[in-house]
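To start, the structure itself, in structure tokens.
To find a chain, count down the sequence lines: A is the first, B the second, and so on, and within it residues start at 1.
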2 protein chains.
Amino acid sequence: MSINSNAPSRIRRTPEESRANILAAAESLLVAHGPQSLRLADVAKAAGVANATVLHHFGSIAAVHQALMERMIADLVDSILSVEIPADAPLEARAVGLKTLFDAFETRGAARLAAWLELTGETGRMTVVREAVQEVAQKKIASVGIPADMAEDMILLSVTLAVGVGLFGRSLGTLIGKPPERARELALQMLLANIQRLAG
Amino acid sequence: MSINSNAPSRIRRTPEESRANILAAAESLLVAHGPQSLRLADVAKAAGVANATVLHHFGSIAAVHQALMERMIADLVDSILSVEIPADAPLEARAVGLKTLFDAFETRGAARLAAWLELTGETGRMTVVREAVQEVAQKKIASVGIPADMAEDMILLSVTLAVGVGLFGRSLGTLIGKPPERARELALQMLLANIQRLAG
DNA sequence: AACACTACTGACAAAAATGTCAATAAACAG
DNA sequence: CTGTTTATTGACATTTTTGTCAGTAGTGTT
């Protein structure tokens, strides 16, 4: 009846794999249960390793938090920079680009990351995001003929709204008896109409 | 040299005063330093009482959290219900009403409360808000001639955006090199333009 | 096969946070 | 002034969470 009699009693990973595994577990905990569930024991359990293993790779639970913030911010910056706006089709193209940006922030993970950073006062960590946003504003949106200044305003507005939608859209929608995606729909409609009003 | 020789060495309050004092301290902690600073010792220190005093009045620190949520939600509901829309002046009146609603949620305290509830999964507590929102949608906005359905959409959108602004507006604005109030300005502009587009 | 390296772990120690309790003192009634 | 009530508190106990350490077990090398 012995199954896998020669299976290793421990999984041994490279340090990079281990760190990645632990951070992935922590991220899903953050998204599913909030920051208060990022305790050492919870993270270790979710990652399927012993408490001591987490400390072996990160030194402290606070270091896990920091690494998680940085990892999620890096992901966010990547998706911001992936915004592409073809130079030919004018208005629809802008809409698509802004929608990509919106999507990047409206992701449950990103919205919760932002809330976490804000509530813990770690806003300073997001300076990386600033550079990404400015690059998109200047190089990509401006190339379509919108002044960088106005582009930055649009992005500021989009991101604020996107995070709001990502954090509260679903629960707020169902709270007042609407389908969960309603807030998202309305937000995108308003945002696109706003582009037309300002730049159209 | 003895100053106030017969001053009481302890302050003795009524139970209601004590609870109010503690909750006020907790609220300012929440707004200034986030939910993770709502520890027993921190709350007691901020309120100027001993740890045991907090427990005497609330039984547990979790009960303090619950009471704080309920108090802040009640305040929020009050300010929602204070939305008044005079029946005569049509469009500007709608704008003023929506702005009041926006302000109620954009308050730093309310936005942080919402984020706190969301991150801790206590969304269910906000059913009281639902009733307030629906009352405003039906009785007050609808009386100006906008269908309750559309009014609810507008409110959903306003609240989502307002919370986003309240939470991230300032730090996000300064992050990308704008004045801190910029996000708020832009949000209100867009919201009002949206009213005109849909109902004007 | 023997060895070195180190990721991994359980058992334990330390620290932090929460909660208990008996004693104290403010307010008030008689 | 005396007694009763109870909000308040310091000292202590308990629980929770984090961190340490010495030993174990995979993986690659000789």
Side-chain angles (χ1 to χ4, degrees), chain A residues 2-26 29-30 32-69 116 119-122, chain B residues 2-26 29-30 32-69 116 119-122:
Chain A
S2 75
I3 306 171
N4 251 349
S5 55
N6 56 351
S9 68
R10 293 182 185 177
I11 300 176
R12 187 190 176 101
R13 293 173 244 244
T14 67
E16 298 74 37
E17 284 172 344
S18 257
R19 288 178 59 97
N21 171 50
I22 291 167
L23 287 183
L29 274 185
L30 173 69
H33 303 292
Q36 79 282 5
S37 72
L38 290 179
R39 282 171 291 247
L40 177 57
D42 295 331
V43 171
K45 186 176 181 182
V49 298
N51 295 12
T53 305
V54 175
L55 296 172
H56 172 70
H57 288 290
F58 289 92
S60 74
I61 188 63
V64 174
H65 295 167
Q66 293 190 0
L68 179 59
M69 287 179 182
W116 184 31
L119 288 178
T120 53
E122 300 266 354
Chain B
S2 75
I3 307 170
N4 249 350
S5 55
N6 57 351
S9 67
R10 293 181 186 176
I11 301 176
R12 186 192 175 102
R13 292 174 245 244
T14 67
E16 298 73 37
E17 283 172 344
S18 256
R19 288 178 60 96
N21 172 48
I22 291 167
L23 287 183
L29 275 184
L30 173 69
H33 304 293
Q36 78 284 0
S37 72
L38 290 180
R39 282 171 293 247
L40 176 58
D42 294 331
V43 171
K45 187 176 181 182
V49 298
N51 295 14
T53 305
V54 175
L55 295 173
H56 172 71
H57 288 289
F58 291 91
S60 76
I61 188 63
V64 174
H65 296 166
Q66 293 189 0
L68 179 59
M69 287 179 182
W116 184 30
L119 288 178
T120 52
E122 300 266 356

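Within the structure, a side-chain polar atom (N or O) of B:His56 is placed less than 4.0 Å from OP1 or OP2 of D:dA7. Here B:Ser18 reaches the OP1 or OP2 of D:dT8: one of its side-chain N or O atoms lies under 4.0 Å away.
When all heavy atoms are compared, the tightest approach of B:Pro15 to B:His57 is CA-CE1, 3.9 Å. A:Ala41 and A:Asn51 get closest at one heavy-atom pair: CA-OD1, 3.9 Å. A pairwise comparison of heavy atoms in A:Ser60 and A:Leu55 identifies CA-CD2, 3.7 Å as the closest pair. For the pair A:Leu119 and B:Leu119, the tightest heavy-atom approach, listed with the atom from each and the gap, is CD1-CD1, 3.5 Å.
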Exercise for the section: Take B:Thr120 and B:Met69 through the side-chain contact (heavy atoms from CB on, under 4.5 Å) test and state the conclusion after the steps. Expected result: CA-CA 11 Å; B:Thr120 52; B:Met69 287 179 182; 4.1 Å; yes

Problem - CA sep, side-chain torsions, deciding dist, call: B:Val49, B:Arg13, side-chain contact (heavy atoms from CB on, under 4.5 Å) - result: CA-CA 11 Å; B:Val49 298; B:Arg13 292 174 245 244; 4.0 Å; yes

Problem - Verdict with supporting geometry, B:Leu40 and B:Phe58, side-chain contact (heavy atoms from CB on, under 4.5 Å) - result: CA-CA 11 Å; B:Leu40 176 58; B:Phe58 291 91; over 6 Å; no

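Protein atom CG of A:Leu38 is 13 Å distant from nucleotide atom P of D:dT17, rounded to whole Å. Between the CZ atom of B:Arg19 and the C1' atom of D:dT6 there is a distance of 16 Å, given to the nearest Å. Rounded to an integer number of Å, the gap from A:Arg39 CZ to D:dG19 C1' is 17 Å.
Side-chain contact check for A:Pro35 versus A:Leu30: some heavy-atom pair is nearer than 4.5 Å. In this structure, A:Val64 and A:Leu38 have side chains that are not in contact, with every pair of non-hydrogen atoms separated by 4.5 Å or more. The shortest side-chain heavy-atom distance between A:Glu17 and A:Asn21 does not fall under the 4.5 Å cut-off.
Distance check: B:Arg19 CZ to B:Ile22 CD1 gives 8.5 Å after rounding to the nearest 0.5 Å.
Where B:Arg12 and B:Asn51 meet DNA chain D, the nucleotide closest to each residue was compared, and B:Arg12 sits on the side nearer the 5' end. In terms of position on DNA chain C, the residue among B:Leu55 and A:Ile11 whose nearest nucleotide sits closer to the 5' end is A:Ile11.
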Between protein and nucleotides 21-24 of chain D, what N or O pairs are separated by less than 3.5 Å?
residue, atom, partner, partner atom, Å
D:dT24, O2, A:Arg10, NH1, 2.7
D:dT24, O2, A:Arg10, NH2, 3.2

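Under the salt bridge (Lys or Arg N to Asp or Glu O under 4.0 Å) criterion, B:Arg39 pairs with B:Asp42, sequence neighbours left out. Applying the salt bridge (Lys or Arg N to Asp or Glu O under 4.0 Å) criterion to A:Glu122, with sequence neighbours excluded, gives A:Arg125.
The side chain of A:Leu40 lies closest to D:dG19 when the candidates are D:dG19, D:dG26, D:dT6.
If you check residues 59-68 of chain B against DNA chain C, the residues with a heavy atom closer than 4.0 Å are B:Ser60, B:Ile61, listed by number.
Using a 4.0 Å heavy-atom criterion, one finds that B:Ser9 contacts the sugar-phosphate atoms exclusively.
Remark on the helix from C:dA1-D:dT30 to C:dG30-D:dC1: inter-end axis angle 0°, axes from five-pair C1' superpositions, rounded to 10°.
Nucleotides of DNA chain C with any atom under 4.0 Å from a heavy atom of chain A span, from 5' to 3', C:dT6 to C:dG10.
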